[in-house]
Amino acid sequence: MQKPSIPKGTRDFGPAQVARRQHIFNVIRRTFESFGYAPLETPTLENLSVLTGKYGDEGDQLLFKVLNSGDFAKDVTAEDLATGSKALLPKVAEKGLRYDLTVPFARYVAMNRGTLTFPFKRYQMQPVWRADRPQRGRYREFYQCDADVVGTDSLLCEAEIVLMIAQVMNGLGLDDFTIKINHRGVLRGMYEALNSEGSETDLLVTIDKFDKIGLDGMRKELLEKGFSESIIVKLALLFGVSEVGAGQFIEKLNRIRREFGLDDYVEGDRGLRELAEVHDLLTASGFKQFDRLEFDPTLARGLSYYTGCIFEVKINNVQMGSVSGGGRYDNLTGAFGLPGVSGVGFSFGVDRLYDCLEALDLFTVTAETPTRCLLTHFDAASGRAALPLLAQLRAAGIPSELYPDASKLQKQFKYADAKGIPLVIIMGPEEVAAGVVKIKIMQTGVERVLPVGEVVAGLTLE
RNA sequence: GUAGAUAUAGCUCAGCUGGUUAGAGCGUCGGAUUGUGAUUCCGAAGGUCGUGGGUUCGAGCCCCAUUAUUUACCCCA
């Protein structure tokens, strides 16, 4: 006999966990749909040609590749083996598990360009897989909930993303969150204002860690990467900006504009103006939680395809990575032969949201079963006599079940208690003979007797 | 890929400088109550101490290896 196990970084979800996860999905789905996004699903497997090269070198390594069916080694030569895995891979695997939902979406848009009505708004809630080392808040199989709109440059989309994030957070009962927003143009402008020294990516990757490693950490890392001391001195200006309160959105924009002289840089100026416009649209939309919205000029995000606004959401009172992120991309479908389509989207990490809600003890849903009413019985005759009532309860929309075996009543009650079933109906020989049932409300222990014909009406009233 | 931690009953964990028969809580099962759960009382079952080697008169404890899990870094939801 072998010890059963599941692959590293994957989880089973029991009934209570699924109920709680469904609650999260429902809040997100309702929000997406209320903003006019329509559901889309794409295959678990994508061709590797679609996936590779979209997430950088590191991303390619984190892709799960799927061996070809049949004799996957039939095209492999001794030479391939000698050359190594790079030569081998395309011969043994042509498919992979999806790594995120954005690239499959881009592929879908490119393939269906002729039939889609633009702007096209879709949401997608499906699992994705990454061959990462698992750790806190990081799994190898996890669900993303994406909403994207393609085919419009309107900043209303960005504003609505903020509205949707806030609506989901509020809907889940998470109140200590921060929606961080920045703009790729602002980052570009800062880079240019620093004389475009070194690699922009190297600089931004380090700036992104500012809140984690501080000024000293940045200094150390940038020096290691070969940046000059003068750049680091200028970056210290960020420190001052970060001290402006989270709610002081416009004030922070102006501060960055002044400190880095971004008026002189086209991209930097565009970024600041667009962020101000998003802020305006939010005000006009009646958005109230500006203390939860923070312009963070150090927010960079790894994915390279963002070109406009970028978002990230943190839950402040839990030790956890971002629970949501996204941004605008001008050319996502370009790789699939459809250039010039602008889109903006974002994603919720359901598994991280779950971990946050659990850590904060915010789950109200804990049911082990949807059953609301358990019918007990004593023998074959009383069990059979319960079947018509069982059917009536179900028809009335009350999820019900008859205990399958004529076990001791004690055992049947323990079953109801363990599963949190609120009502137990006792239908023994005495009740059957009298044409009544005994109903027990588990929480209070109160029992009452009702004629069989009045049970459904009586329960529906409550 | 780099570095650390952990592995003992179904679950969460004790187990002293190495010393007879490895413990607790929860859960499970049985009984007190052959027609009543949660509460109370009584009782029972359940462990080759992750695996393989080594040191020792003697190893759950020390050493080595291995596997699994987990945390941090890189990167990310």
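So you know, we letter chains A, B, ... as the sequences are listed, proteins then strands, and number each from 1.
- Partners of A/E431 by salt bridge (Lys or Arg N to Asp or Glu O under 4.0 Å), not counting sequence neighbours: none found.
- OP1 or OP2 of B/A72 sits under 4.0 Å from a side-chain N or O of A/R136.
- Taking atom P on both B/A44 and B/G37, the two are 23 Å apart, rounded to the nearest angstrom.
- At a threshold of 4.0 angstrom between heavy atoms, the contacts of A/Y143 with the nucleic acid are absent.
- Within the 4.0 angstrom heavy-atom criterion, base atoms lie near A/G137.
- In RNA chain B, stems built from 3 or more consecutive Watson-Crick or G-U wobble pairs, each with both distances under 3.5 Å, span B:1-7 with B:67-73, B:10-13 with B:23-26, B:28-32 with B:40-44, B:50-54 with B:62-66.
- The C1' atoms of B/A7 and B/C13 are separated by 12 Å, rounded to the nearest whole Å.
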Listing, residues 345-353 of chain A side-chain donor-acceptor contacts under 3.5 Å, not counting sequence neighbours, or none:
| residue | atom | partner | partner atom | Å |
| --- | --- | --- | --- | --- |
| A/S347 | OG | A/D146 | OD1 | 2.7 |
| A/D351 | OD1 | A/Y143 | N | 2.8 |
| A/D351 | OD2 | A/R11 | NH2 | 2.6 |
| A/D351 | OD2 | A/R21 | NH1 | 3.0 |
| A/R352 | NE | A/G137 | O | 2.6 |
| A/R352 | NH1 | A/S322 | O | 2.9 |
| A/R352 | NH2 | A/G137 | O | 3.2 |

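- Rounded to whole angstrom, the span from the CD atom of A/E368 across to the P atom of B/A38 amounts to 16 Å.
- The same atom, C1', is picked in B/U33 and in B/U40; the two are 13 Å apart, to the nearest Å.
- Each of A/G9 and A/V313 was matched to the nucleotide of RNA chain B holding its nearest heavy atom; the match closer to the 5' end belongs to A/G9.
- Across the P atoms, B/C49 and B/C41 are found 34 Å apart, a figure rounded to whole Å.
- Among the heavy atoms of the strands lying under 4.0 Å from A/K212 are primed sugar atoms or P, OP1, OP2 only; no base atom is included.
- Here A/K121 pairs with A/Y37, A/V149, A/E160 under the side-chain contact (heavy atoms from CB on, under 4.5 Å) rule; sequence neighbours left out.
- Every residue meeting the side-chain contact (heavy atoms from CB on, under 4.5 Å) condition with A/P43, not counting sequence neighbours, appears here in chain and number order: A/E46, A/R107.
- Among the atoms of the strands shown, only primed sugar atoms or phosphate atoms (P, OP1, OP2) are found under 4.0 Å from some heavy atom of A/V205.
- Going from atom NZ of A/K54 over to atom C1' of B/C75 covers 20 Å, rounded to whole Å.
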Contact letters for nucleotides 31-37 of chain B, in which S counts primed atoms plus P, OP1 and OP2 and B counts the base, heavy atoms under 4.0 Å: S---BBB
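- On the P atoms, B/C63 is 15 Å away from B/U55, given to the nearest whole Å.
- Taking the ring centre of A/Y99 as origin, the terminal cationic atom of A/R130 falls inside the region bounded by 6.0 Å and 45° from the ring axis.
- The salt bridge (Lys or Arg N to Asp or Glu O under 4.0 Å) test applied to A/K209 returns A/E221, not counting sequence neighbours.
- B/G10 and B/G19 have their P atoms separated by 25 Å, with the value rounded to a whole Å.
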Enumerate the protein-to-nucleotides 41-43 of chain B contacts in which both atoms are nitrogen or oxygen and the separation is below 3.5 Å.
none

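- One atom, CG of A/D57, and another, P of B/C75, lie 13 Å apart when rounded to the nearest Å.
- Applying the salt bridge (charged side-chain N to carboxylate O under 4.0 Å, His left out) test to pairs two or more places apart or on separate chains, none has a residue in residues 360-381 of chain A.
- The CG-P distance, from A/L204 to B/C76, rounds to 12 Å in whole Å.
- Heavy atoms of other residues, nucleotides or ligands lying less than 6.0 angstrom from CD of A/E224 number more than 12.
- Judged as a side-chain contact (heavy atoms from CB on, under 4.5 Å), and not counting sequence neighbours, the contacts of A/T371 are A/T369, A/E401, A/I421.
- Atom CZ of A/R130 and atom P of B/C74 are 17 Å apart (whole Å).
- The P atoms of B/G46 and B/G30 are separated by 16 Å, rounded to the nearest whole Å.
- Ion pair A/D132/A/R140 not flagged as a salt bridge, since none of the NZ, NE, NH1 or NH2 atoms sits closer than 4.0 Å to an Asp/Glu carboxylate oxygen.
- When rounded to the nearest whole Å, the span between NZ of A/K225 and P of B/C74 equals 10 Å.
- An OP1 or OP2 oxygen of B/A72 is reached within less than 4.0 angstrom by a side-chain nitrogen or oxygen of A/Q135.
- Applying the side-chain contact (heavy atoms from CB on, under 4.5 Å) test to A/L194 and every residue at least two apart in sequence or in another chain returns A/L203, A/I231, A/K234, A/L235, A/F260.
- Environment of CD in A/Q135: crowded, with over 12 heavy atoms of neighbouring residues, nucleotides or ligands closer than 6.0 Å.
- Taking the C1' atom of each, B/G18 and B/C61 are spaced 6 Å apart, rounded to whole Å.
- Contact annotation for A/S322: backbone-only contact, meaning every heavy-atom pair under 4.0 Å involves sugar-phosphate atoms and none involves a base.
- If you measure from atom CZ of A/R140 to atom P of B/C75, you get 19 Å, rounded to the nearest angstrom.
- You'll find that the side chain of A/F142 is closest to B/A77, out of B/A77, B/C74, B/U69.
- Side-chain atoms of A/R133 and base atoms of B/C75 include no donor and acceptor less than 3.5 Å apart.
- Between the CD atom of A/E224 and the P atom of B/C74 there is a distance of 12 Å, given to the nearest Å.
- Residue pairs meeting the salt bridge (charged side-chain N to carboxylate O under 4.0 Å, His left out) criterion with at least one partner in residues 306-333 of chain A, sequence neighbours excluded, are A/E158-A/R328, A/R301-A/E312.
- By the 6.0 Å contact criterion, CD on A/E229 is enclosed, its count of non-hydrogen atoms from other residues, nucleotides or ligands being greater than 12.
- Close to B/C73, at under 4.0 Å from its OP1 or OP2, lies no side-chain N or O of A/K209.
- Across all strands shown, A/R138 has heavy atoms under 4.0 Å from base atoms, whether or not it also approaches the sugar-phosphate.
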